Amino acid sequence: MRSTARTTLPLQSSYRYLLVTPALARTLLKCYDYPHPLTPHTMIRGYDKAHAFRTAKMCAVVAQHLSYDQSRVRQFQIACLLHDLGRAGLDRQLFGKIWSWARNNNIPTRPAEWRLRHPRTSYGRETEAFVKAYRQALAEDGVPLTKWACEQIEMRLGFARRHRRQLKRVKPVLESLNIRWLPWMEQVTLYYYYPEKLARSPVWVRELGEILVACEQLEAYSNRRRGTDYYARSKESFREAFRYLDSLKRQGRLRATVVKAVRQMTASGIFDSILKAARGRILSRHDQQFLRSLK
């Protein structure tokens with residue numbers, strides 16, 4: 001549902017652009033903390049908390065710019081805060097070893113890419129197919145595929161399955177907060193890995209999914225820590241980020257209105273503080289000139 005009038009976004013320090021209370025945001029982000037399966041009484045602090053927090057703020061800005069009403073945007077922002085819950089428990093070292101090895105060996109790292117390369121793989125069984133195909137090669141490379149290692153694989157190739165499992169784990173928390181996790185919220189969070197799941201969804205659901213993909217990819221391409229751990233990247237580039245968004249537009253994954261809205265909001269400077277936080281340093285003069293040029 002959209003409204004014709006745009007609402008004013010709350011302005012409050014690091015919680016600027018949140019339509020939920022700071023306390024609610026903190027509680028939802030705590031859901032990313034995960035009990036370590038190998039070390040009793042130890043919690044793995046949620047790796048993706050900061051990424052999810054910054055993404056959720058950008059998504060609210062873009063959704064309101066596109067005239068979605070405040071009630072819908074609030075629900076959307078809750079979904080965005082939990083959009084990476086399927087990676088709760090991410091082991092930075094192990095996850096990085098597995099997926100760096102996969103990239104170096106030109107092995108698909110997303111479900112749709114895997115099925116394109118291996119069409120005989122049953123839908124939803126991409127993790128098992130990966131393990132079967134590469135167990136020996138990874139072991140020889142010093143990465144035995146233990147149960148915990150297989151979970152790191154599932155965080156990408158079986159993301160939908162693991163995301164649902166983590167939602168079930170934190171269901172008591174959501175119920176205590178009086179939050180109903182609606183079917184469209186799940187569809188939106190899965191759009192990047194599973195666009196086919198939104199093929200018959202209402203236009204507004206797909207558009208919210210596209211907004212989430214565009215904003216979370218902009219944040220990820222700007223994220224210094226994530227770039228090092230996930231992608232073995234030594235330098236971030238806003239130019240590369242928008243090239244990627246444009247490539248998704250050409251593929252039909254993002255519509256022009258969404259990419260245009262993200263460009264406009266970025267050019268206006270409204271995302272500067274968020275992108276600065278992702279980089280972990282001030283934006284260079286060159287960066288700021290590029291961002292302003294997006295208008």
Side-chain angles (χ1 to χ4, degrees), residues 28-29 31-32 34 37 44 46-49 51-52 55-56 59 75-91 94-95 98-99 102 107-134 145 147-171 173-174 179-202 204-217 220 226 230 248 251-254:
L28 290 174
L29 292 172
C31 290
Y32 284 85
Y34 188 83
I44 300 175
Y47 178 87
D48 286 304
K49 285 182 183 180
H51 164 71
T55 296
C59 286
Q75 290 177 301
F76 177 44
Q77 190 165 70
I78 288 170
C80 293
L81 284 165
L82 295 178
H83 83 272
D84 264 341
L85 191 64
R87 278 196 279 270
L90 184 146
D91 183 319
L94 183 55
F95 185 93
I98 293 169
W99 295 113
I107 295 168
T109 62
R110 297 183 179 93
E113 294 169 358
W114 179 274
R115 291 194 301 275
L116 189 64
R117 183 87 60 87
H118 305 282
R120 293 186 178 181
T121 299
S122 299
Y123 190 88
R125 304 289 291 180
E126 296 82 10
T127 299
E128 289 78 3
F130 179 100
V131 170
K132 182 178 180 180
Y134 302 116
L145 292 188
K147 183 179 179 181
W148 183 228
C150 290
E151 278 208 61
Q152 307 301 310
I153 295 168
E154 188 181 40
M155 288 177 191
R156 294 197 76 159
L157 285 180
F159 183 81
R161 184 171 62 190
R162 197 169 193 279
H163 192 268
R164 291 193 192 102
R165 198 157 67 241
Q166 298 313 308
L167 282 170
K168 185 177 181 179
R169 176 177 66 87
V170 304
K171 185 177 179 181
V173 176
L174 300 183
I179 291 174
R180 290 180 61 211
W181 186 261
L182 301 171
W184 71 261
M185 296 167 76
E186 178 173 354
Q187 290 178 317
V188 163
T189 60
L190 296 180
Y191 179 64
Y192 183 60
Y193 283 136
Y194 305 91
E196 68 278 2
K197 291 182 181 292
L198 278 72
R200 298 184 179 180
S201 299
W204 66 267
V205 175
R206 171 160 175 156
E207 187 168 73
L208 290 180
E210 292 179 14
I211 292 170
L212 173 55
V213 167
C215 290
E216 74 111 358
Q217 289 302 310
R226 196 179 176 100
Y230 275 26
L248 292 178
Q251 295 168 26
R253 296 281 300 278
L254 299 179

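Just so you know, these numbers come straight off a predicted model, no measurement behind them. Index from 1, following the sequence.
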Atom pair [atom1]/[atom2] of [X] and [Y] - distance to nearest 0.5 Å:
{"X": "Ile211", "Y": "Thr55", "atom1": "CD1", "atom2": "OG1", "answer": "13.0 Å"}
{"X": "Tyr192", "Y": "Gln217", "atom1": "OH", "atom2": "CD", "answer": "4.0 Å"}
{"X": "Arg87", "Y": "Gln152", "atom1": "CZ", "atom2": "CD", "answer": "11.0 Å"}
{"X": "Cys31", "Y": "Arg169", "atom1": "SG", "atom2": "CZ", "answer": "7.0 Å"}
{"X": "Ile153", "Y": "Phe95", "atom1": "CD1", "atom2": "CZ", "answer": "10.5 Å"}
{"X": "Leu167", "Y": "Leu82", "atom1": "CG", "atom2": "CG", "answer": "7.0 Å"}

Carefully, step by step, assess Leu81 and Leu29 under the rule side chain to side chain contact (heavy atoms under 4.5 Å, CB included).
CA-CA 7 Å; Leu81 284 165; Leu29 292 172; 4.1 Å; yes
Would you say the side chains of Arg115 and Tyr123 form a donor-acceptor pair under 3.5 Å?
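Per modelled atom types, Arg115 and Tyr123 side chains form no pair under 3.5 Å.
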Shortest non-hydrogen separation from [X] to [Y] and the atoms involved:
{"X": "Leu190", "Y": "Ala160", "answer": "CD2-CA, 3.8 Å"}
{"X": "Gly86", "Y": "Arg162", "answer": "O-NH1, 2.8 Å"}
{"X": "Val205", "Y": "Val188", "answer": "O-CG2, 3.6 Å"}
{"X": "Gly252", "Y": "Arg206", "answer": "O-NH2, 2.5 Å"}
{"X": "Cys150", "Y": "Thr127", "answer": "O-CG2, 4.1 Å"}
{"X": "His83", "Y": "Tyr32", "answer": "N-OH, 3.5 Å"}

Does [X] reach the side chain of [Y], with side-chain heavy atoms less than 4.5 Å apart?
{"X": "Phe130", "Y": "Ile107", "answer": "yes"}
{"X": "Leu212", "Y": "Tyr191", "answer": "no"}
{"X": "Trp184", "Y": "Phe76", "answer": "yes"}
{"X": "Glu126", "Y": "Tyr193", "answer": "no"}
{"X": "Asp84", "Y": "Thr189", "answer": "no"}

For Glu128, enumerate each residue passing the salt bridge (charged side-chain N to carboxylate O under 4.0 Å, His left out) test, keeping only those at least two apart in sequence or located in another chain.
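By the salt bridge (charged side-chain N to carboxylate O under 4.0 Å, His left out) rule, Glu128 matches Arg125, Arg161.
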Can you list everything that forms a salt bridge (charged side-chain N to carboxylate O under 4.0 Å, His left out) with Arg164? Sequence neighbours excluded, please.
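Expected list: Glu186.
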Is the NZ or CZ atom of Arg110 both under 6.0 Å from the centre of the six-membered ring of Phe159 and within 45° of that ring's axis?
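Negative - Arg110 is either too far from the ring of Phe159 or too far off its axis.
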Could you please spell out the steps behind the salt bridge (Lys or Arg N to Asp or Glu O under 4.0 Å) verdict for Lys147 and Glu151?
CA-CA 6 Å; Lys147 183 179 179 181; Glu151 278 208 61; over 6 Å; no
Side chain to side chain contact (heavy atoms under 4.5 Å, CB included), that's the test. Do Leu94 and Ile98 meet it? Break it down for me.
CA-CA 6 Å; Leu94 183 55; Ile98 293 169; 4.1 Å; yes
If only atom types and distance count, is the side chain of Glu210 paired as donor or acceptor with the main-chain N or O of Leu254 below 3.5 Å?
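Between the backbone of Leu254 and the side chain of Glu210 there is no qualifying donor-acceptor contact (under 3.5 Å).
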Anything under 30° is parallel, anything over 60° is perpendicular, the rest tilted; go ahead and classify His163 against Trp181.
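Rings of His163 and Trp181: tilted, as their planes differ by 30° to 60°.
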